[in-house]
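In what follows, every heavy atom counts, from backbone to side chain, and hydrogens, waters and symmetry copies are set aside. Just so it is clear, the structure is predicted and the values come from calculations on it, not from any experiment.
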Amino acid sequence: MRLQGKNIVLCVTGSIAAYKAADLTSRLRKQGAEVYVIMTKSACEFIAPLTFESLSGHPVVSDMFARVQSWEVEHISLAKRADVFAIVPATANVIGKAACGIADDMLTTTLLATRAPVVIAPAMNTGMYENPIVQQNIQTLKARGMHFVEPAVGHLACGETGRGKLADPECIEQVIADALTVRDCEGLSVLVTAGPTQESLDPVRFLTNHSTGKMGYAIAARARARGAKVTLVTGPVAIVPPVGVEVVPVRSACEMRDAVMQRLPQQDVVIKAAAVGDYRPSTEADDKLKKKDGEMTIELIRNPDILGEIGQNKTNAQTVCGFSMETRDLLENSRAKLEKKNCDLMVANNLKIAGAGFAGDTNIVTLLYRDGTTEAVDLMRKDELADLLLDRLLALHRSK
């Protein structure tokens, strides 16, 4: 877990979205982080400090002048302790104070004193969020290196619909984790494919596979966190897209092929983690195919070999990684695929091994290299494997 043992100072301001900060606190604790909560007086009107004390296991700080048992100055102590300083939700008021360097309460004084990365998740009325003054303040803070989680579009507490809704806690958790990441992929353009493809039989039915997209999405998220410009070409999945990634949704193998090949010349690294269907029906019926007596035969034709086409068209400066899922003869089949597709690295896993394959949060793989060497990787979480894979690809790319 990337947040294991990290200290997160979570600042809650006076917004109806303050209740979502309680969910975020719970999420961070489940990831192994210690969470220390600062609440403004306005925040205490929306949610009780006891909620955060129960979830975090630490006292909530809200009053700058409260008597404390420790000799430490509270805001300086929290500022030093923080590995990440997060303001969730952040009102227009606190964003304006931060931009102007105002320190008139516990939150703003601690913010000025900290040297930790700062994550800000705004939540407010659409008109307030789009106000030029607020946008100028946001740009000022971004220029100072603070990380922003853009609010979502949705129905707001004021009754309006527009941008200003606090981002999903899962997205905010991701940005907090990303703020701790070394940005060693700065300047690289990375294209990742993920998920399954769907090949239509008729308007109702399609052929597909069991891929959930978890591995590809983990790779895209970690590449973005490490500073890369990431394009994620994805089949239909039920996963929240990583923050800051260009997402290109596709459905069929042909659509995925077109999306990838159109963008290939601009990429430094290509990681093809999608489970692409090898075949599609030769025809797609305009109407639902009705059940009849007897058997039905479906004629299938080959789909484009996306990885093979990438390998044929890649330049010497580009680095390409493929995935090989097998149920037998793993290394032999994967080595042949590595050579045939002209990849720099092949990630091989056996679907029949417990902890590997589709749907789960873990994987067990073997990495195969062009020079004939292999590297066995034991059971690990997919986000951890994503980082290890990026380490290897970064080394290969730099060696070119």
Side-chain angles (χ1 to χ4, degrees), residues 189-220 223 230-239 241-242 245-267 269-286 288-289 296-314 318-327 333-334 336-349 351 357-359 363 365 382:
S189 293
V190 177
L191 186 146
V192 182
T193 68
T197 56
Q198 296 177 352
E199 309 297 340
S200 294
L201 289 166
D202 60 23
V204 177
R205 307 175 183 90
F206 54 81
L207 302 179
T208 190
N209 56 65
H210 296 292
S211 174
T212 59
K214 285 186 174 182
M215 189 70 248
Y217 272 61
I219 294 168
V230 180
T231 301
L232 176 61
V233 180
T234 175
V237 299
I239 307 177
V245 168
E246 179 192 1
V247 179
V248 182
V250 297
R251 185 166 176 267
S252 68
C254 290
E255 289 177 2
M256 183 170 285
R257 180 263 169 206
D258 292 344
V260 169
M261 297 311 298
Q262 178 185 345
R263 293 163 176 80
L264 179 62
Q266 293 79 43
Q267 307 306 315
V269 178
V270 177
I271 305 171
K272 189 182 166 297
V276 180
D278 292 328
Y279 295 90
R280 68 182 185 274
S282 59
T283 59
E284 179 182 345
D286 293 330
K288 178 184 176 182
L289 296 172
M296 173 186 280
T297 300
I298 300 172
E299 182 182 8
L300 301 177
I301 58 175
R302 281 279 287 147
N303 269 327
D305 182 352
I306 303 174
L307 185 57
E309 194 170 350
I310 293 171
Q312 290 175 0
N313 289 277
K314 79 180 184 75
Q318 291 176 308
T319 303
V320 175
C321 172
F323 274 68
S324 174
M325 176 171 284
E326 303 287 347
T327 56
N333 290 336
S334 300
K337 186 175 181 179
L338 172 73
E339 300 295 337
K340 183 178 180 180
K341 313 291 186 182
N342 192 28
C343 295
D344 298 281
L345 177 64
M346 186 65 63
V347 182
N349 65 348
L351 184 61
F358 297 130
N363 215 339
V365 304
K382 286 182 176 177

For [X], check salt bridge (Lys or Arg N to Asp or Glu O under 4.0 Å) against everything at least two apart and list the hits.
X: Asp305; answer: Lys341
X: Lys314; answer: Asp344
X: Arg257; answer: Glu309

Considering non-hydrogen atoms only, spot the tightest contact between [X] and [Y] and give its length.
X: Ser211; Y: Ala275; result: CB-CB, 3.6 Å
X: Phe323; Y: Lys337; result: O-NZ, 2.7 Å
X: Ala253; Y: Ile306; result: O-CD1, 3.7 Å
X: Thr234; Y: Met256; result: C-CE, 4.4 Å
X: Pro304; Y: Cys254; result: CD-SG, 3.9 Å

Who pairs with [X] by side chain to side chain contact (heavy atoms under 4.5 Å, CB included), at least two apart in sequence or on another chain?
X: Glu326; result: Ser324, Leu330, Asn333, Ser334
X: Ala259; result: Val233, Val248, Val250, Arg263
X: Ile298; result: Leu201, Pro281, Met296, Leu300

Side chains of Thr197 and Arg280: is there a donor and an acceptor less than 3.5 Å apart?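 No, no side-chain donor-acceptor contact under 3.5 Å.
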
Please tell me whether Thr208 and Gln198 have a donor and an acceptor in their side chains that are separated by less than 3.5 angstrom.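 No, no side-chain donor-acceptor pair sits under 3.5 Å.
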
For Glu284, does its backbone N or O pair with a side-chain atom of Ser200 as donor and acceptor, under 3.5 Å?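 Pair absent, no side-chain N/O of Ser200 close to backbone of Glu284.
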
